[in-house]
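Here the structure is a predicted model, which means the values were calculated and not measured.
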Number of protein chains: 2
Amino acid sequence: MKYLLTHKTHPTVEEIYDALHDEIATLSKTTIYNTLKLFVEKGAAAQLNIEDKCVHFDGDISTHAHFMCQRCGTIYDIFPSKMPIIEDFASLQFGAHNVQNVQLNLIGICERCMKNKNKESKQK
Amino acid sequence: MKYLLTHKTHPTVEEIYDALHDEIATLSKTTIYNTLKLFVEKGAAAQLNIEDKCVHFDGDISTHAHFMCQRCGTIYDIFPSKMPIIEDFASLQFGAHNVQNVQLNLIGICERCMKNKNKESKQK
DNA sequence: AATACGATTTGATATGATTACAAATTTACA
DNA sequence: TGTAAATTTGTAATCATATCAAATCGTATT
């Protein structure tokens, strides 16, 4: 949990394992899977299904959206302060259905990768 | 593609395979994977990463959101006619990043499952 | 109609994330 | 300190998806 709260990179299980394996030599992936599942069930962390390859986790459970770069894989936070409409999505109702969770995901190419792309095309 | 357009159930590869295997006896899952990937790349279909287990596909590429029931797995369409705010997310910008796709996913328990749940608890 | 060749489809196999589960370890408390 | 419960671990199973070479198909040409 401390790792999640101090690393806002929306890590995967793999990334958490690689990062913590040094200080906690006995740590197993199973424990990470179990613990994250518990966090998500209890509402202490958010699970991001933004990518099909694997799941990302977020220790910030405040209302916010995400932007994922298809090229470099980086996931950026988008907070309501920058995009006020996000507040409106958080409280969406859908008929008589019981909405428990709202995820707003933007997908595209991030600014940095856009610049690299331009450089590449200029080189040709 | 015809299957996707006539079955608004947001099927998985598995479901498409099961459905089409009867009429197209030689159809392989690889072909379904390849074809759907192509559709998504070309913008003819949408890929839904709403669930962590597997990917769903949608032949409707008009602006709309989805609600997934955690209990029965059904994915419901939410069109702007019912929820006007959905029109707004189609044009979301995020700084100088290049937004190519926006997904709005609601997760919860659908009306039908809510009713069944109540019945169950009354029986106890 | 037969041939040739590129494009598509297939199926067997590989991969990689996630889960299941029993054994090992740790913790809490008597 | 001893013991039972809770947690953690590592191995093996599972399952969706990717890889890739071989098989098949479509089409144009003779």
Side-chain angles (χ1 to χ4, degrees), chain A residues 1-5 7 9-59 66 68-75 101 103 105 107, chain B residues 1-5 7 9-59 66 68-75 101 103 105 107:
Chain A
M1 192 73 221
K2 194 196 289 180
Y3 183 84
L4 268 189
L5 291 174
H7 296 78
T9 54
H10 316 89
T12 63
V13 166
E14 194 72 29
E15 285 163 357
I16 297 174
Y17 179 76
D18 290 344
L20 297 185
H21 194 61
D22 287 337
E23 31 176 330
I24 310 170
T26 64
L27 186 68
S28 81
K29 277 190 197 172
T30 300
T31 300
I32 300 177
Y33 275 105
N34 291 340
T35 308
L36 285 172
K37 193 178 179 182
L38 199 65
F39 288 168
V40 172
E41 279 169 12
K42 300 299 182 187
Q47 177 178 322
L48 308 184
N49 298 327
I50 193 170
E51 195 189 13
D52 52 3
K53 293 165 219 300
C54 60
V55 169
H56 295 259
F57 294 90
D58 192 345
H66 295 99
M68 176 171 211
C69 177
Q70 286 176 314
R71 187 165 265 236
C72 66
T74 305
I75 297 177
N101 186 13
Q103 295 210 5
N105 299 325
I107 297 108
Chain B
M1 194 71 221
K2 194 197 289 179
Y3 183 83
L4 268 189
L5 290 174
H7 295 80
T9 53
H10 315 91
T12 63
V13 167
E14 194 72 27
E15 285 163 357
I16 297 174
Y17 179 77
D18 290 345
L20 297 185
H21 193 61
D22 286 338
E23 31 175 332
I24 310 169
T26 64
L27 186 68
S28 80
K29 277 191 196 173
T30 298
T31 301
I32 300 177
Y33 276 105
N34 291 340
T35 308
L36 285 172
K37 194 178 180 182
L38 199 66
F39 288 169
V40 171
E41 280 170 11
K42 300 299 182 187
Q47 176 177 321
L48 308 184
N49 297 327
I50 193 169
E51 196 187 12
D52 51 4
K53 294 166 219 302
C54 60
V55 169
H56 295 259
F57 294 90
D58 192 345
H66 295 100
M68 176 172 211
C69 177
Q70 287 176 315
R71 188 165 265 235
C72 66
T74 305
I75 296 176
N101 185 13
Q103 295 210 2
N105 298 325
I107 297 109

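Heavy-atom minimum distance, P11(B) versus Y3(B): CG-CE2, 4.0 Å. Nearest heavy atoms, Q47(A) versus D52(B): NE2-OD2, 2.9 Å. The shortest heavy-atom contact between F57(B) and V13(B) is CE1-CG2, 4.0 Å. The two residues C54(A) and T12(A) come nearest to each other via the heavy atoms SG-CG2, 3.5 Å. Of all heavy-atom pairs spanning A45(A) and L4(A), the tightest one is CB-CD1, 3.9 Å. Taking all atoms of both residues into account, the shortest heavy-atom contact from H10(A) to L48(A) is CD2-CD1, 3.7 Å.
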- request: Just do the side chain to side chain donor-acceptor pair (under 3.5 Å) check on H56(A) and N49(A) with the steps written out, would you?
  value: CA-CA 7 Å; H56(A) 295 259; N49(A) 298 327; over 6 Å; no
- request: Report the C-alpha separation of H7(A) and E15(A) in whole Å, then their side-chain angles, then the decisive distance to 0.1 Å, and conclude whether the side chain to side chain contact (heavy atoms under 4.5 Å, CB included) test is met.
  value: CA-CA 11 Å; H7(A) 296 78; E15(A) 285 163 357; over 6 Å; no
message: Set out, in order, the CA-CA distance, both residues' side-chain angles and the distance that settles side chain to side chain contact (heavy atoms under 4.5 Å, CB included) for Q103(A) and I107(B), then state yes or no.
response: CA-CA 8 Å; Q103(A) 295 210 5; I107(B) 297 109; 4.3 Å; yes
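Rounded to whole angstrom, the span from the CD atom of E51(B) across to the P atom of dA17(C) amounts to 19 Å. Between L38(A) atom CG and dT19(C) atom P there is a gap of 14 Å when expressed in whole angstrom units.
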- prompt: In the 5'-to-3' direction, what one-character label does each nucleotide of nucleotides 8-15 of chain C receive under the scheme B = base within less than 4.0 Å of a protein heavy atom, S = sugar-phosphate only, - = no such atom?
  reply: -SBBB---
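With pairs defined as Watson-Crick or G-U wobble and both atom distances under 3.5 Å, the stems of at least three pairs that touch DNA chain D come out as C:1-30 with D:1-30.
Y33(A) has no side-chain polar atom (N or O) that falls below the 4.0 Å cut-off from OP1 or OP2 of dT19(C).
Checked by atom type and distance alone, the side chain of T35(A) pairs as donor or acceptor with a backbone atom of T31(A) at under 3.5 Å.
The outermost nucleotides of DNA chain D lying under 4.0 Å from heavy atoms of chain B, listed 5' to 3', are dA16(D) to dC20(D).
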